[in-house]
Structures are given as structure tokens and as C-alpha cells.
Amino acid sequence: MKNILSSIIKVGMALAITSLAAGPVNANDVKLGAKVYGGTCVACHGENGKGEIPGVPDFTSAKGPLAKTDAILLDHIINGFESPGSDMAMPELGGNEDLTEQDIKNVIAYLRATYQRRK
Ligand code: HEC
């Protein structure tokens with residue numbers, strides 16, 4: 001009985017940890033993402049996420065880039081992106097080739113936690 005109980009507790013804990021890790025926003029990712037943003041992205045996207053230069057989109061707009069999925073944002077940040085008729089393209093990795101895929105996942109978590117408008 002004691003064994004069954006402890007297995008149930010273990011499974012429960014494993015599930016809780018897995019769902020935390022798979023959740024949309026992990027606090028640690030957000031902190032690491034803030035460093036990536038401050039080091040590379042802020043020059044164009046600005047402290048307030050609204051864009052420092054013409055042609056840079058507003059992350060705080062409900063219809064802005066953060067309405068897209070993580071998978072699309074990951075692709076556009078890693079590979080660069082230019083929308084039709086745009087004044088300026090988003091450079092690959094924001095022009096910082098040292099950034100890893102994990103850095104980009106972290107910065108997406110930061111963007112969502114910081115700038116995404118919630119209804
Ligand atoms: C040199 C300026 C510059 C830097 C640095 C830069 N961006 Fe951008 N970013 C842009 C511009 C310009 C666009 C809009 C491109 C367009 O719509 O044609 C953009 C668009 C985006 C988008 C929207 C993509 C979409 O699908 O709509 C995201 C997300 C983004 N940037 C994230 C980042 C992140 C994260 C960093 C730092 C790693 C970064 N950017 C660094 C200029 C920059």
C-alpha cells in the first residue's frame with residue numbers, strides 16, 4: 001500500500017514537472033530571454049517593444065507579430081523575415097550569430113511575458 005502510494009506521488013510529481021517545462025512561459029526562460037533582448041533586439045525593437053525605427057513592428061499590438069505561433073516566430077527570428085512592402089527586413093538572429101535556438105526560444109518567452117497584450 002505504501003509503495004503504491006509513493007508511486008502515485010512520484011508519477012504526479014513527474015507530470016507536474018513535465019507540464020511546467022512544456023508550459024508556454026517558464027520563468028527562467030523569461031529571465032534568460034530578457035538578457036538576449038537587452039543585448040541584441042532592443043536596438044531596433046526598443047525597451048517598450050513598440051519599435052525604435054520605422055518599419056519595426058509593435059509587439060504590444062494585438063494584431064502584431066505576437067499573434068503568430070511560437071513556431072512561426074522561431075523561424076522568422078532564426079532565418080530573418082521580410083513582410084511584403086516592408087521598409088526594412090528583420091535580420092537573421094537579429095544580426096547576432098552567437099545566439100542559439102534555445103536563446104531564441106527564451107526570447108520568445110520574454111516577448112510574450114512582457115509585451116503580449118492580453119484581452
Ligand atoms: C536591425 C534591427 C533589428 C534587430 C537588431 C532585431 N530586429 Fe526583429 N525585426 C526588425 C524589423 C525591421 C522587423 C520587421 C520586418 C518586416 O516586417 O519586414 C522585425 C520583425 C521581428 C519580429 C516579427 C516577425 C513576424 O513574423 O512578424 C519578431 C518576432 C522579431 N523581429 C524579433 C526580434 C528578436 C527576438 C530580436 C533579437 C534577437 C530582433 N528581432 C532583432 C528589426 C530588427
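In each ligand, atom 1 is the first atom listed, and ligand 1 is the first ligand listed.
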- [ ] Please identify which atoms of ligand 1 are closer than 4.0 Å to at least one heavy atom of V107.
- [x] 35 (C)
Open item on the list: Considering both backbone and side-chain atoms of K68, is one of its nitrogen or oxygen atoms within less than 3.5 Å of a nitrogen or oxygen in ligand 1?
Closed with: yes
Task: Residue, atom name and distance, where the atom is the protein heavy atom closest to atom 1 (C) of ligand 1 - done: C44 SG, 2.7 Å
Open item on the list: Using a 4.0 Å cutoff against the non-hydrogen atoms of G55, which atoms of ligand 1 qualify?
Closed with: 12 (C), 14 (C)
TODO: Tell me whether H45 has at least one N, O or S atom under 2.8 Å from atom 8 (Fe) of ligand 1.
DONE: yes
Open item on the list: Which of the numbered atoms in ligand 1 are under 4.0 angstrom from any heavy atom belonging to L99?
Closed with: 38 (C)
- [ ] Name the closest protein heavy atom to atom 20 (C) of ligand 1, giving the residue it belongs to and the distance to 0.1 Å.
- [x] M90 CB, 3.6 Å
- [ ] Number the atoms of ligand 1 from 1 as they appear, then name those within less than 4.0 Å of a heavy atom of P57, with their elements.
- [x] 13 (C), 14 (C), 19 (C), 20 (C)
Task: Nitrogen or oxygen atoms of I53 and ligand 1 under 3.5 Å apart - done: no
Task: same_hphob_cluster(I108, V56) at 4.5 Å side-chain heavy-atom cutoff - done: no
Task: Any A43 heavy atom less than 4.0 Å to ligand 1 - done: no
Task: For atom 26 (O) of ligand 1, closest protein heavy-atom neighbour - done: H76 ND1, 2.5 Å
Open item on the list: Could you tell me, atom by atom, which parts of ligand 1 come under 4.0 Å of a heavy atom of T40?
Closed with: 5 (C), 37 (C), 38 (C)
TODO: For M88, counting its heavy atoms only, list the atoms of ligand 1 lying under 4.0 Å from any of them.
DONE: 1 (C), 2 (C), 12 (C), 15 (C), 16 (C), 18 (O)
- [ ] Could you tell me which atoms of ligand 1, counted from 1 in the order shown, lie closer than 4.0 angstrom to a heavy atom of S86?
- [x] 16 (C), 18 (O)
Task: atom 24 (C) of ligand 1: nearest protein contact (heavy atom, Å) - done: F81 CD2, 3.7 Å
